[in-house]
*Asks:* 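Below is one structure. I have some questions about it.
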Amino acid sequence: EFQDINAKKHYNLLSVMKQVLGNNLSLKANKKNIDLSQQNVETAKSNYLPKVTATASGTYIDPKIASNANPEFSTGGNITLQQTIFSPAASANITIQKNLKKAEEENYNAQELTTIFNASNAYFNALILKTNAQIRMRNLDLTKKNLQIAKENFDAGQSDKSDVLRFRSELAQNTQVMVQAINQLEQGFIGLNQLLNNPLEMRIEIDDAKLNEGIYKDYNYTQLTALLDNPTTREPFISFLIEEAKKNAPELKSLDYNLKATERNIKLSGSNRFIPTVALQGQYNRTFGRNGIGSTLPAGAAFINGNYNAGLNLSIPIFNQNQNNINKQTAIIQKDQIEEAINLMLKKEYTLQERSL
């Protein structure tokens with residue numbers, strides 16, 4: 001029955017899916033792209049966080065020009081606060097980066113589904129190859145029995161030697177076919193090990209799949225078969241499946257999020273560029289010490305050692321070396337490119353529908 005009693009692990013379809021999702025190296029690498037996209041979102045949001053800097057300084061002035069306003073030796077420092085209140089570019093960048101992150105998540109979902117599909121294919125192909133090897137082995141056993149009967153008939157004088165020679169030829173052919181079937185089964189196991197990130201030489205075994213038992217019994221395969229076998233229900237059922245695929249296809253969702261990000265970029269480079277950027281800035285200055293010429297005042301007078309200032313800044317870009325128009329045209333080209341990709345993918349869906357029908 002081609003059951004490997006020395007197999008280190010037995011697999012069914014569910015365990016194959018679980019392991020491929022947890023151990024596939026390609027999926028793990030692409031998972032990091034989502035983390036990087038999240039960092040881009042955090043970077044975009046940080047434009048609205050305050051920026052505080054502290055500086056310290058020491059100054060020496062030529063005694064010939066030192067005065068009460070600028071003593072010969074002085075030390076001081078300041079703290080500066082910068083806060084963006086509103087910026088169309090910063091707001092647009094946050095929206096764009098969020099959409100790009102969602103697009104990256106859908107790309108991962110698409111690869112995840114592809115990986116599961118490939119692993120499931122490898123599992124069922126291995127089952128087919130295993131069944132094929134079993135059939136080849138039974139054919140070989142049957143040929144051996146027929147050869148033995150032919151020999152006995154020949155020895156008893158009931159037949160000539162042609163039957164013996166014919167079954168010997170079939171035995172050689174069936175042996176060769178059986179060896180090829182076993183080699184193909186081993187290659188199927190190697191391919192499955194590769195997808196599961198197992199050592200290629202690891203001995204594994206797969207369980208038979210019965211559509212009315214185990215994890216398959218709740219999926220109504222009999223009903224699906226009846227719908228596809230009936231010419232009346234086949235066409236609307238396939239059309240329904242394709243429409244559902246279009247609604248849930250992660251590839252289409254990814255392109256849609258990229259399209260939204262591009263449209264937001266077009267809007268930013270268009271009318272939104274005339275929306276002013278509003279920023280707040282404040283600074284506190286402090287003199288810590290004065291020495292030398294100009295460091296003293298007449299009796300009754302005192303130095304002002306600390307002062308502050310605050311300001312509100314509004315800026316509107318009027319002409320920026322034509323960069324806004326160039327960025328807008330670039331974004332429009334990108335939008336057209338994404339729309340063509342969406343149309344191409346939808347066209348492939350219709351092609352699949354035609355082939356299915």
*Asks:* Regarding Thr262 and Gln334, is there a side-chain donor-to-acceptor distance under 3.5 Å anywhere?
*Replies:*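 Judged by distance alone, the side chains do not pair up.
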
*Asks:* Testing the 3.5 Å rule here: is there a donor-acceptor pair between the side chains of Asn305 and Arg290?
*Replies:*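 Result is yes, a qualifying pair exists.
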
*Asks:* Determine, step by step, whether Lys247 and Glu244 satisfy the salt bridge (charged side-chain N to carboxylate O under 4.0 Å, His left out) criterion, reporting the C-alpha distance in whole Å, the side-chain angles of both residues, the deciding distance to 0.1 Å, and the verdict.
*Replies:* CA-CA 5 Å; Lys247 293 177 184 177; Glu244 287 299 306; 3.7 Å; yes

*Asks:* Starting from Leu195, can I reach Tyr11 by hopping between I/L/V/M/F/W/Y residues whose side chains sit under 4.5 Å apart?
*Replies:*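 Different hydrophobic clusters.
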
*Asks:* Quick check for you: to the nearest 0.5 Å, what is the distance between Asp256 atom CG and Ile338 atom CD1?
*Replies:*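 Going from the CG atom of Asp256 to the CD1 atom of Ile338 covers 9.5 Å.
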
*Asks:* Check whether more than 12 heavy atoms from other residues, nucleotides or ligands sit under 6.0 Å from atom CD of Gln223, and answer yes or no.
*Replies:*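 No.
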
*Asks:* Do Ile61 and Ile293 belong to the same hydrophobic cluster, where Ile, Leu, Val, Met, Phe, Trp and Tyr are linked whenever their side-chain heavy atoms lie under 4.5 Å apart, directly or via other members?
*Replies:*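 Result: no, two separate clusters.
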
*Asks:* Going only through I, L, V, M, F, W and Y residues with side-chain contacts under 4.5 Å, is there a path from Leu21 to Leu113?
*Replies:*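 Unlinked, Leu21 and Leu113 end up in two clusters.
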
*Asks:* Around Lys267, counting heavy atoms of other residues, nucleotides and ligands shown, do more than 12 lie under 6.0 Å from its NZ?
*Replies:*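 No, because the 6.0 Å sphere around NZ of Lys267 holds 12 heavy atoms or fewer from other groups.
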
*Asks:* Decide if atom CZ of Phe240 counts as having more than 12 heavy atoms of other residues, nucleotides or ligands within a radius under 6.0 Å.
*Replies:*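 No, the 6.0 Å shell around CZ holds no more than 12 heavy atoms from other groups.
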
*Asks:* Between Glu170 and Arg166, is there a salt bridge with N-O shorter than 4.0 Å?
*Replies:*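 So Arg166 pairs with Glu170 through a salt bridge.
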
*Asks:* Determine whether the side chains of Tyr48 and Ser87 contain a donor N or O and an acceptor N or O closer than 3.5 Å.
*Replies:*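 Looking only at side-chain atoms, Ser87 and Tyr48 do not form any donor-acceptor pair under 3.5 Å.
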
*Asks:* Just checking, is any N or O donor in the side chain of Asn198 or Gln19 under 3.5 Å from an acceptor N or O on the other one?
*Replies:*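 Yes, side-chain donor-acceptor contact under 3.5 Å.
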
*Asks:* Indicate, with yes or no, if Leu147 and Leu140 share a hydrophobic cluster defined by side-chain heavy-atom contacts under 4.5 Å among Ile, Leu, Val, Met, Phe, Trp and Tyr.
*Replies:*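 In one cluster with Leu140: Leu147, yes.
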
*Asks:* Checking Ser26 against Gln111: is there a side-chain donor and acceptor pair closer than 3.5 Å?
*Replies:*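 Judged by distance alone, the side chains do pair up.
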
*Asks:* Calculate, to the nearest 0.5 Å, the distance between atoms CG and CG belonging to Leu127 and Asn132 respectively.
*Replies:*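 It is 12.5 Å, given to the nearest 0.5 Å.
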
*Asks:* Taking only Lys NZ, Arg NE, NH1 and NH2, and the carboxylate oxygens of Asp or Glu, determine whether Glu243 and Lys246 approach each other closer than 4.0 Å.
*Replies:*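 Counted as a salt bridge, because a side-chain N and a carboxylate O are separated by less than 4.0 Å.
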
*Asks:* Is Asn343 reaching over with its side chain to a backbone N or O of Glu339, donor-acceptor style, under 3.5 angstrom?
*Replies:*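 A pair under 3.5 Å: yes.
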
*Asks:* Can you tell me how far apart CG (Asn174) and CE (Met137) are? Round to the nearest 0.5 Å.
*Replies:*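 Taking CG in Asn174 and CE in Met137, the distance rounds to 11.0 Å.
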
*Asks:* Taking Asp62 for the side chain and Ile65 for the main chain, is one N or O donor matched with an acceptor at less than 3.5 Å?
*Replies:*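 Checking the backbone N and O of Ile65 against the side chain of Asp62, no donor-acceptor pair under 3.5 Å is found.
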
*Asks:* Ignoring hydrogens, what is the shortest heavy-atom contact between Val20 and Leu196? Give both atom names and the distance.
*Replies:*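 Val20 and Leu196 have their closest heavy atoms at N-CD2, 3.9 Å.
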
*Asks:* Could you walk me through whether Thr84 and Asn47 pass the side chain to side chain donor-acceptor pair (under 3.5 Å) test, one step at a time?
*Replies:* CA-CA 7 Å; Thr84 300; Asn47 290 322; over 6 Å; no

*Asks:* Mind checking what makes ring-ring contact (aromatic ring centres under 6.0 Å, His included) contact with Tyr60, not counting sequence neighbours?
*Replies:*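 If we apply the ring-ring contact (aromatic ring centres under 6.0 Å, His included) test to Tyr60, skipping adjacent residues, the hits are Phe73.
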
*Asks:* Could you tell me whether Lys101 and Glu105 have a side-chain N and a carboxylate O separated by less than 4.0 Å?
*Replies:*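 Salt bridge flag = yes for Glu105 with Lys101.
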
*Asks:* Between Ile206 and Ala126, what is the shortest heavy-atom contact and its length?
*Replies:*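 Reported closest heavy-atom pair: CD1-CB, 3.4 Å.
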
*Asks:* What distance separates Lys98 NZ from Tyr257 OH, expressed to the nearest 0.5 Å?
*Replies:*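 Those atoms lie 12.5 Å apart.
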
*Asks:* Quick one: closest heavy-atom pair of Phe237 and Leu224, and the distance?
*Replies:*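 Closest heavy-atom pair between Phe237 and Leu224: CZ-CD2, 3.6 Å.
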
*Asks:* In plain terms, say whether Arg203 and Glu186 are close enough for a salt bridge, that is, a side-chain N and a carboxylate O under 4.0 Å apart.
*Replies:*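 A salt bridge is absent here (no side-chain N lies under 4.0 Å from a carboxylate O).
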
*Asks:* Return the OG1 to CD1 distance between Thr330 and Ile266, rounded to the nearest 0.5 Å.
*Replies:*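 Going from OG1 on Thr330 over to CD1 on Ile266, the span is 10.0 Å.
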
*Asks:* Under 3.5 Å, is there a donor-acceptor pair linking the side chains of Thr55 and Asn78?
*Replies:*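 Side chains of Thr55 and Asn78: pair found under 3.5 Å.
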
*Asks:* Run the side chain to side chain donor-acceptor pair (under 3.5 Å) test on Ser254 and Asn107 for me, step by step, so that the C-alpha distance in whole Å, both residues' side-chain angles and the decisive distance to 0.1 Å come before the verdict.
*Replies:* CA-CA 6 Å; Ser254 175; Asn107 286 335; 2.7 Å; yes

*Asks:* Is it the case that more than 12 heavy atoms not belonging to Gln337 sit under 6.0 Å from its CD atom?
*Replies:*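 Result for CD/Gln337: open.
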
*Asks:* Return yes if a side-chain donor-acceptor contact under 3.5 Å exists between Ser37 and Asn40, otherwise no.
*Replies:*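 Checked: Ser37/Asn40 side chains show no N/O donor-acceptor pair below 3.5 Å.
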
*Asks:* With a 4.0 Å cut-off, would you call Asp155 and Lys151 a salt bridge?
*Replies:*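 Lys151 and Asp155: not salt-bridged.
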
*Asks:* More than 12 foreign heavy atoms under 6.0 Å from CD1 of Ile304: is that the case here?
*Replies:*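 No.
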
*Asks:* Without hydrogens or angle criteria, can the side chains of Gln184 and Gln180 be said to hold a donor-acceptor pair below 3.5 Å?
*Replies:*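 Judged by distance alone, the side chains do not pair up.
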
*Asks:* Step by step, would you call Ser15 with Asn12 a side chain to side chain donor-acceptor pair (under 3.5 Å)?
*Replies:* CA-CA 5 Å; Ser15 60; Asn12 58 25; 3.0 Å; yes

*Asks:* Drop me the distance from Asn93's CG to Thr43's OG1, to the nearest 0.5 angstrom.
*Replies:*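 So the gap between those two atoms works out to 9.0 Å.
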
*Asks:* Would a single hydrophobic cluster contain both Phe86 and Ile94, if residues Ile, Leu, Val, Met, Phe, Trp and Tyr are joined by side-chain heavy-atom contacts under 4.5 Å?
*Replies:*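 Same cluster: Ile94 reaches Phe86 through Ile, Leu, Val, Met, Phe, Trp or Tyr contacts under 4.5 Å.
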
